[in-house]
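Both backbone and side-chain heavy atoms feed into the values below; hydrogens, waters and symmetry mates do not.
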Amino acid sequence: MSVKYDKLFDLLKERKIKDVELQKTAGFSGNIMTRIRRNEYVSLKSIEAICKVLETKVDEIISFE
């Protein structure tokens, strides 16, 4: 099973939020955004921070294939 973050990028585009802005607001490093762009593992702590900033649920930013 693999993780896809396409929903996250669609949401960011819809809300006109840049990756760097999310990174700063959620308080994680650029390395995390790189991992997300590559659809690699990201800790639940980082996912939780993203959901908190965007006021979403996990299934609104991640899909599993």
Side-chain angles (χ1 to χ4, degrees):
M1 182 176 350
S2 64
V3 177
K4 298 285 184 180
Y5 298 96
D6 296 337
K7 290 181 178 182
L8 172 61
F9 291 110
D10 291 342
L11 184 62
L12 292 176
K13 188 174 183 178
E14 177 183 309
R15 295 187 184 184
K16 297 179 182 168
I17 299 172
K18 296 186 180 195
D19 297 356
V20 176
E21 185 180 345
L22 175 63
Q23 175 188 327
K24 288 180 182 178
T25 308
F28 55 79
S29 70
N31 184 40
I32 299 299
M33 282 308 299
T34 299
R35 295 181 66 80
I36 289 171
R37 279 189 212 97
R38 293 179 181 168
N39 290 314
E40 295 178 351
Y41 171 78
V42 176
S43 72
L44 286 177
K45 182 178 178 180
S46 297
I47 298 299
E48 182 181 7
I50 292 169
C51 288
K52 189 173 184 177
V53 167
L54 297 176
E55 297 178 347
T56 61
K57 296 179 183 177
V58 174
D59 64 342
E60 295 175 279
I61 63 168
I62 296 175
S63 61
F64 296 95
E65 292 186 359

> For the OG1 atom of T34 and the CG atom of D19, what is their distance to the nearest 0.5 Å?
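If I round to the nearest 0.5 Å, the distance is 9.5 Å.
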> Taking the side chain as every heavy atom from C-beta outward, state whether V53 and I17 have any atom pair closer than 4.5 Å.
no
> Hey, are the side chains of L44 and V58 touching, using non-hydrogen atoms and a 4.5 Å cut-off?
no
> State, to 0.1 Å, how close R35 and V42 come at their nearest heavy-atom pair, and which atoms those are.
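Minimum heavy-atom separation between R35 and V42: CB-CG2, 4.2 Å.
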> In Å and rounded to the nearest 0.5 Å, what is the NZ to CD distance from K7 to E14?
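CD of E14 is found 13.0 Å from NZ of K7.
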> Mind listing the closest non-hydrogen atom pair of A26 and I50 along with its distance?
CB-N, 4.4 Å
> Got a second to check how far K4's NZ is from F64's CZ, nearest 0.5 Å?
12.5 Å
> Under the side chain to side chain donor-acceptor pair (under 3.5 Å) definition, can you give me all pairs with a residue in residues 50-65, not counting sequence neighbours?
none
> Measure the NZ-CD1 distance between K45 and I32 for me, rounded to the nearest 0.5 Å.
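Reported value, rounded in 0.5 Å steps: 10.0 Å.
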> Would V20 and L12 show up in the same hydrophobic cluster when neighbours are defined by side-chain heavy atoms closer than 4.5 Å?
no
> Rounded to the nearest 0.5 Å, what separates atom CD1 in I47 from atom CD1 in I36?
5.5 Å
> Quick check for you: to the nearest 0.5 Å, what is the distance between N39 atom CG and Y5 atom OH?
7.0 Å
> What closest approach, in Å, do F28 and Q23 show between heavy atoms, and which atom pair accounts for it?
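Taking every non-hydrogen atom into account, O-CG, 2.9 Å.
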